[in-house]
Q: 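Have a look at this one.
This structure is a prediction, so every number in the text was calculated from the model and none was measured.
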Amino acid sequence: MKVIIPLAGPDFVLGDTVKSAVIYKGIPLLRYMLESRAWWKDGMVSDADLIFVLQNDPISKKFAESSLRLWYPRCQLVSLSGFTRGAALSALSGVSVITDLQGEVVCIDLADIYFDCKTDPLKEMDSKDLDGLALVFPSDRSEYSYIRSVDGAIIETAEKRVISKSASAGTYFFKNASVFISAVGSNIASGKKYTYNDLYYVCPLFNSLLSNGGIAGYINVSDIEDVKMLEAI
């Protein structure tokens, strides 16, 4: 499995540092998130499976070389010369460096929500022959993305629109890079139908995945800590 972490948004740089470097509970925020994931702790992925997408600005570059290379020596770094139209397209640039486009599962981890996941996502995808998998938790707050499901299968996703009681935890799995790329292409072809503030987010990609004939499921996670808003840290 490859894990893509988009860190290329306009809110990533905070003065002379970056959001990921903020100390949270004694360690840098990014490490707190990534190394708490069950697939990291269980050894299902290593630093060689991590792909970080950042802007090509001095502060992000310094963070990449002085911190990311120290924490995850074998990771891959993708540098962007400008802002994309959303996390889905930033993640797409990370997919471009994956060599096995049809075999390996691709995880997009926005790394801004802590959670406890007791179900193995890879086993869940394999056992149900899923093309996509989302991690969710109970909420009714409009700042989250949402999934709507019937009999355990996702039938719709929405960005910043409460269509159910299942909010996205910001971590998504796709059967392989090809499935992800196809979903991105279909979302773009749909014009603004699946955009929010004219941006392409990751959660709405599941709508195109379904339209393309795919099957998507979800896993409930617990012990949520939302640290997207640094004021709460």
Q: Looking at side-chain heavy atoms only, is the closest gap between L130 and K175 below 4.5 Å?
A: no
Q: Tell me if the aromatic rings of W71 and F52 count as close, with their centers under 6.0 Å from one another.
A: no
Q: To the nearest 0.5 Å, what is the distance between CG on D49 and CG on D47?
A: 8.0 Å
Q: Does some side-chain heavy atom of K165 sit less than 4.5 Å from a side-chain heavy atom of P138?
A: no
Q: If Ile, Leu, Val, Met, Phe, Trp and Tyr residues are connected whenever their side-chain heavy atoms lie under 4.5 Å apart, and connections chain through other members, are M33 and W39 in the same group?
A: no
Q: Any side-chain heavy-atom pair from E124 and F173 closer than 4.5 angstrom?
A: no
Q: Is there a path from V221 to Y114 through hydrophobic residues (I, L, V, M, F, W, Y) whose side chains come within less than 4.5 Å of each other?
A: no
Q: When you compare the side chains of S186 and N212, does any donor N or O come within less than 3.5 Å of an acceptor on the partner?
A: yes
Q: Please tell me if the side chains of W40 and V3 come closer than 4.5 Å, counting only heavy atoms from C-beta onward.
A: no
Q: Side chain to side chain contact (heavy atoms under 4.5 Å, CB included) with I5: which of L110, L34, I51?
A: L34
Q: Is there side-chain contact between I113 and Y144, with heavy atoms separated by less than 4.5 Å?
A: yes
Q: Would you give the length of the straight line joining atom CD of E156 to atom CG of L210, rounded to the nearest 0.5 angstrom?
A: 9.5 Å
Q: Take atom CG in D42; do more than 12 heavy atoms of anything else shown fall under 6.0 Å from it?
A: yes
Q: Output, in order, the C-alpha distance, side-chain angles, deciding distance and verdict of side chain to side chain contact (heavy atoms under 4.5 Å, CB included) for S145 and Y201.
A: CA-CA 9 Å; S145 310; Y201 288 77; 5.6 Å; no
Q: With rounding to the nearest 0.5 Å, note down the distance linking CG in L54 to OG in S20.
A: 8.0 Å
Q: OG/S90 to CG/L80 distance, rounded to the nearest 0.5 angstrom?
A: 5.5 Å
Q: I'd like to know whether the aromatic ring centres of F174 and F206 sit less than 6.0 Å apart in this structure.
A: yes
Q: Test K128 against I215 for side chain to side chain contact (heavy atoms under 4.5 Å, CB included), laying out the working first.
A: CA-CA 9 Å; K128 297 182 178 179; I215 302 172; over 6 Å; no
Q: State yes or no: do I147 and V202 share one hydrophobic cluster built from I, L, V, M, F, W and Y residues joined by side-chain heavy-atom distances below 4.5 Å, directly or via other members?
A: yes
Q: Taking the side chain as everything from C-beta on, heavy atoms only, tell me whether V184 gets closer than 4.5 Å to I181.
A: no
Q: Are side-chain heavy atoms of C203 and Y146 found at a separation under 4.5 Å?
A: no
Q: If hydrophobic clusters are built from ILVMFWY residues whose side chains come within less than 4.5 Å, do F115 and V136 share one?
A: no
Q: Could you report the tightest heavy-atom contact between Q102 and N176, atom names first, then the distance?
A: O-ND2, 3.0 Å
Q: May I ask you to test the M1-M125 pair for a side-chain heavy-atom distance under 4.5 Å?
A: no
Q: Consider only side-chain heavy atoms of I, L, V, M, F, W and Y, link residues closer than 4.5 Å, and tell whether V106 and Y218 are in one cluster.
A: yes
